[in-house]
Amino acid sequence: MALNLLNLSILFVLLNIINPFPFAEPRTLEASTTPFSKTLQNLRGVHRGQNAKGVGELRGYLQKYGYLTKGSSSNDNFDENVESALKHYQAFHHLRDTGVVDDDTIKKMSLPRCGMPDIITNPNPNPNGLVGAPENYTFFPGSPKWSKFFLTYRRTSGATVSINETAVRRAMRDAFQSWANVSPFTFNETTDRSADITYGFHRGLHLDLYPFDGPGRVLAHAFAPEDGRIHFDADELWRSNGSDIDFQTVGLHELGHSLGLGHSNDTDAVMQPNYDGQRRSLSQDDIDGIQALYGQN
Ligand SMILES: *[C@@H]1O[C@H](CO)[C@@H](O)[C@H](O)[C@H]1NC(C)=O
Ligand SMILES: *[C@@H]1O[C@H](CO)[C@@H](O)[C@H](O)[C@H]1NC(C)=O
Ligand SMILES: *[C@@H]1O[C@H](CO)[C@@H](O)[C@H](O)[C@H]1NC(C)=O
Ligand SMILES: *[C@@H]1O[C@H](CO)[C@@H](O)[C@H](O)[C@H]1NC(C)=O
Ligand SMILES: *[C@@H]1O[C@H](CO)[C@@H](O)[C@H](O)[C@H]1NC(C)=O
Ligand SMILES: [Zn+2]
Ligand SMILES: [Zn+2]
């Protein structure tokens, strides 16, 4: 059903033809036996011109998140492409852009995060000409957005998880309400198959090209408008009380993608890519972003 293919999938295919985009390439499921943070520890201080075990994995990471468009993750040469991608990663995350794996970089890269790339997004074209906005928020390429303001959403069944159903439903209802409060959207929960936005938990290889990776690292992903699919990694230690991985925090972030926002480099934004604790309120940057796309409520 080609017509059912999501905007994002179509986009990835197109991008892949024009310009081989990192994340059209599904990652393999076999997790490396060494945790990525351990790999990074071993790479501490490694720099351009060197060859070291683990550089390939770093290359894969930078590629997955849009900082690098070519190269193979079995290539352990720390070449100029890896160096410049690493500098770009460091700049986006407001670290010193040394092009070397240092302690701050290890710390940042070891955080669990959203599976969406940081750099497929357009720098914000600021369509409404908001003056004085910090402009850290981004949209997907071409700024896809919903063509209506009343959207229904549905919880899809899927894998069993470490958080009860009541808590999941409540958290998502609150997350939808947060976006509704600052935008023209109204959201209604439904059990109807035709729901505009769907969310559910999935384990490993699931219904798309982006398999989940078990506990830690990638927590969730979502597709650009007007697709509406939100997938959470069933293997995380999801919680509703702010400890471990706070479900509402991640739900609020993924919903931002469903509505058309990409990753922000504003460290206060819900739309920044890393999970570093509970964040259940939108920042000014998130609000500026959604309002630049749709206007105010
Ligand atoms: C943060 O994002 C804005 C808007 O896309 C961009 O102009 C700026 O260069 C980015 N800063 C860094 C450090 O990536
Ligand atoms: C489910 O989670 C909610 C919210 O944390 C809690 O109030 C409720 O008691 C839990 N229900 C069960 C059956 O554990
Ligand atoms: C939204 O849901 C509420 C409560 O379930 C219902 O009363 C209302 O009719 C729904 N709105 C629309 C437009 O379907
Ligand atoms: C949150 O809930 C989990 C699981 O029920 C529990 O182990 C943990 O101690 C709770 N954390 C807080 C801060 O209440
Ligand atoms: C983006 O966010 C950072 C940190 O939150 C801030 O210092 C910066 O001024 C913002 N604006 C741009 C365009 O990067
Ligand atoms: Zn994200
Ligand atoms: Zn998925």
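In what follows, residues are counted from 1 in the order of the sequence shown. Ligands are counted one by one from 1 in listed order, and the atoms in each one are counted from 1 as well. Below, each value reflects all heavy atoms present in this structure, side chains not excepted, and no hydrogens, waters or symmetry copies.
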Protein heavy atom at shortest distance from atom 14 (O) of ligand 2
Asn164 ND2, 3.1 Å

Met109 reachable from Val100 in the ILVMFWY side-chain graph, under 4.5 Å edges:
no

Can you tell me if, anywhere in His202, an N/O/S atom lies at a distance from the Zn ion (ligand 7) that is smaller than 2.8 Å?
no

Please check atom 9 (O) of ligand 4 for a protein heavy-atom neighbour under 4.0 Å.
no

Heavy-atom check, side chain of Leu252 versus side chain of Trp179, under 4.5 Å:
yes

So that I know where these two stand, are His231 and Tyr199 an aromatic pair - ring centroids less than 6.0 Å apart?
no

Nearest-neighbour protein heavy atom for atom 1 (C) of ligand 4, which is reported as residue plus atom name and distance
Asn241 ND2, 1.4 Å

Considering only N, O or S atoms, which atom of Asp208 is nearest to the Zn ion (ligand 7)?
OD2

Check ligand 2 against Ala167 and write out every atom of the ligand that is under 4.0 Å from a heavy-atom position of the residue.
2 (O), 4 (C)

The Zn ion (ligand 7) - name of the N/O/S atom of His231 that sits closest to it:
ND1

Check each of His263, His93, Lys108 against Asn274 using the side chain to side chain donor-acceptor pair (under 3.5 Å) test, and report the only one that passes.
His93

Give the numbers and elements of all ligand 4 atoms closer than 4.0 Å to a heavy atom of Arg239.
2 (O), 3 (C), 4 (C)

For His221, what is the atom name of its N, O or S atom nearest to the Zn ion (ligand 7)?
NE2

Sub-4.0 Å atoms of ligand 2 with respect to non-hydrogen atoms of Ser240:
5 (O)

So, for atom 5 (O) of ligand 2, does the protein have a heavy atom nearer than 4.0 Å?
yes

Quick check, are the ring centers of Phe247 and Phe232 under 6.0 angstrom apart?
yes

How many angstroms lie between atom NE2 of His206 and atom CG of Asp233, to the nearest 0.5 angstrom?
8.5 Å

Can you tell which of Arg154, Arg155, Arg169 makes a salt bridge (charged side-chain N to carboxylate O under 4.0 Å, His left out) with Glu189?
Arg169

Is Arg170 near ligand 2, meaning one of its heavy atoms is under 4.0 Å from it?
yes

Scan side-chain atoms only and decide if Thr267 and Gln272 contain a donor-acceptor pair under the 3.5 Å cut-off.
no

